[in-house]
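A quick write-up on the structure given underneath.
Numbered from 1 within each chain, the chains take letters A, B, ... in sequence-line order. Just so you know, these numbers use all the heavy atoms, side chains as well, and skip hydrogens, waters and symmetry mates. Only a predicted model underlies this, so the values are computations on that prediction, with no experimental measurement involved.
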There are 2 protein chains.
Amino acid sequence: MDTGDIFDPNCPTRVVLDRIGDKWSALVLLCLADGPMRFTRLRSRIGGVTPKVLTQTLRTMEQDGLITREVFAEVPPRVEYALTDLGRSLHDPISAVATWAETHVAEILRRRERSA
Amino acid sequence: MDTGDIFDPNCPTRVVLDRIGDKWSALVLLCLADGPMRFTRLRSRIGGVTPKVLTQTLRTMEQDGLITREVFAEVPPRVEYALTDLGRSLHDPISAVATWAETHVAEILRRRERSA
DNA sequence: ATCACCGGTATCCACAAGGTACTTATAGCA
DNA sequence: TGCTATAAGTACCTTGTGGATACCGGTGAT
């Protein structure tokens with residue numbers, strides 16, 4: 001079933017790539033790298049994310065086994081999200097891309113303006 | 001202007017991250033790593049991409065200085081896309097994420113089904 | 001006269017993301 | 001006995017972007 005060709009749309013690797021390359025997953029992962037965190041904290045740290053979209057992102061990441069979701073039966077409710085081993089193993093690759101972005105941001109913005 | 005906080009929506013790093021993390025850019029970059037390529041070739045190698053979206057992706061990457069677009073005045077037309085030095089410098093980080101995906105695809109799909 | 005080639009546009013549609021308001025359940029307070 | 005605050009979402013509507021399909025323009029070959 002896996003053709004091994006990442007350029008084939010049916011290649012599972014591409015499915016995975018689409019997920020972790022979405023707008024918020026990488027940010028969530030980077031955020032949780034500092035330790036477990038609650039929903040509201042995540043929401044305020046990751047500026048600009050709406051609750052609906054954050055919920056979707058967290059649910060998807062949970063399904064993929066990247067994070068765990070632990071509910072405490074308290075009032076008001078408390079829900080903690082944490083990275084799994086799998087999630088932690090993704091930290092370095094994601095972090096490398098983030099570092100690249102930080103390093104080259106200035107150059108990219110310069111070129112982008114020049115071509116505008 | 002740059003707060004240095006990747007979690008701030010105004011952080012330029014995040015703007016860059018959004019771009020290179022889109023659905024097709026990484027694939028184009030990986031594809032061009034083998035050498036310059038023409039539009040139609042790219043389109044057929046990257047299964048599932050429509051011409052409009054591929055054009056958008058290529059234009060954006062060109063504006064960001066990741067690739068060059070060279071038009072040859074021939075009939076039928078010939079347009080070659082190639083990585084710039086900047087684009088090449090992004091290859092390793094992207095490739096690391098792709099490798100991670102290939103390595104962990106099986107586990108993710110297994111978990112995904114279990115939670116369905 | 002027509003067709004095929006290539007690198008795209010033009011047009012329309014659908015789905016997913018974004019914005020805002022609302023919910024639920026309880027503890028604390030007046 | 002209300003009233004309010006709180007956390008973690010949902011519900012609902014609007015908006016924007018991606019996707020599907022059709023078409024274009026110039027030329028050389030059939």
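Looking at B/T57 and B/V53, their side chains come closer than 4.5 Å, going by heavy atoms from C-beta outward. A heavy-atom distance below 4.5 Å is found between the side chains of A/V15 and B/R112.
In this structure, B/P76 and A/V53 both approach DNA chain C, and ranking their closest nucleotides by distance from the 5' end singles out B/P76.
The side chain of A/Y81 contributes an N or O atom lying less than 4.0 Å from OP1 or OP2 of D/dG9.
DNA chain C lies under 4.0 Å from at least one heavy atom of each of the following residues of residues 18-52 of chain B: B/R38, B/F39, B/T40, B/P51, B/K52. The stretch residues 55-68 of chain A comes close to DNA chain D through A/T55, A/R59, each having a heavy atom under 4.0 Å from the strand.
Note that CG of A/D22 is 11.5 Å distant from CG of B/D22, once rounded to the nearest 0.5 Å. Here CZ of B/R114 is found 6.0 Å from CZ of B/R111. Values are rounded to the nearest 0.5 Å. Taken to the nearest 0.5 Å, the CD1 atom of A/I67 stands 6.5 Å off from the OH atom of A/Y81. One distance of note links CH2 of B/W100 with CD1 of B/I108; it measures 3.5 Å at 0.5 Å rounding.
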side-chain contact (heavy atoms from CB on, under 4.5 Å) between B/S25 and B/M61, worked out: CA-CA 7 Å; B/S25 297; B/M61 292 178 76; 4.1 Å; yes
Derivation and outcome, side-chain contact (heavy atoms from CB on, under 4.5 Å), residues A/L32 and A/L66: CA-CA 11 Å; A/L32 291 181; A/L66 294 173; over 6 Å; no
Criterion side-chain contact (heavy atoms from CB on, under 4.5 Å) on A/R43 and A/T50, from CA distance to verdict: CA-CA 8 Å; A/R43 191 184 161 188; A/T50 60; over 6 Å; no
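Partners of B/R19 by salt bridge (charged side-chain N to carboxylate O under 4.0 Å, His left out), not counting sequence neighbours, listed by chain and number: B/D64.
Rounded to 10°, the helix from C/dA1-D/dT30 to C/dA30-D/dT1 has 30° between the axis fitted to its first five pairs and the one fitted to its last five.
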When you compare the protein's N or O atoms with those of nucleotides 27-30 of chain D, which come within less than 3.5 Å of each other, and at what distance?
none

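Of the possible polar contacts, one joining the A/R14 side chain to the A/F7 backbone as a donor-acceptor pair under 3.5 Å is found. With A/T84 contributing its side chain and A/G65 its backbone, the two residues share a donor-acceptor pair below 3.5 Å.
Grouping the Ile, Leu, Val, Met, Phe, Trp and Tyr side chains by contacts below 4.5 angstrom, directly or via other members, places A/V71 with A/L83.
Residue-level contact check: A/F72 touches neither bases nor backbone, having no heavy atom under 4.0 Å from any strand.
For the salt bridge (charged side-chain N to carboxylate O under 4.0 Å, His left out) criterion with A/D34, the lone passing option out of A/R41, A/R45, A/R88 is A/R45. Partner of A/V79 under the side chain to side chain contact (heavy atoms under 4.5 Å, CB included) criterion, chosen from A/R69, A/E74, A/R38: A/R69.
To the nearest angstrom, P of D/dA7 lies 15 Å from CG of A/L54.
Contacts between chain A and DNA chain C, taken as any atom within less than 4.0 angstrom of a protein heavy atom, begin and end at C/dA17 to C/dT26.
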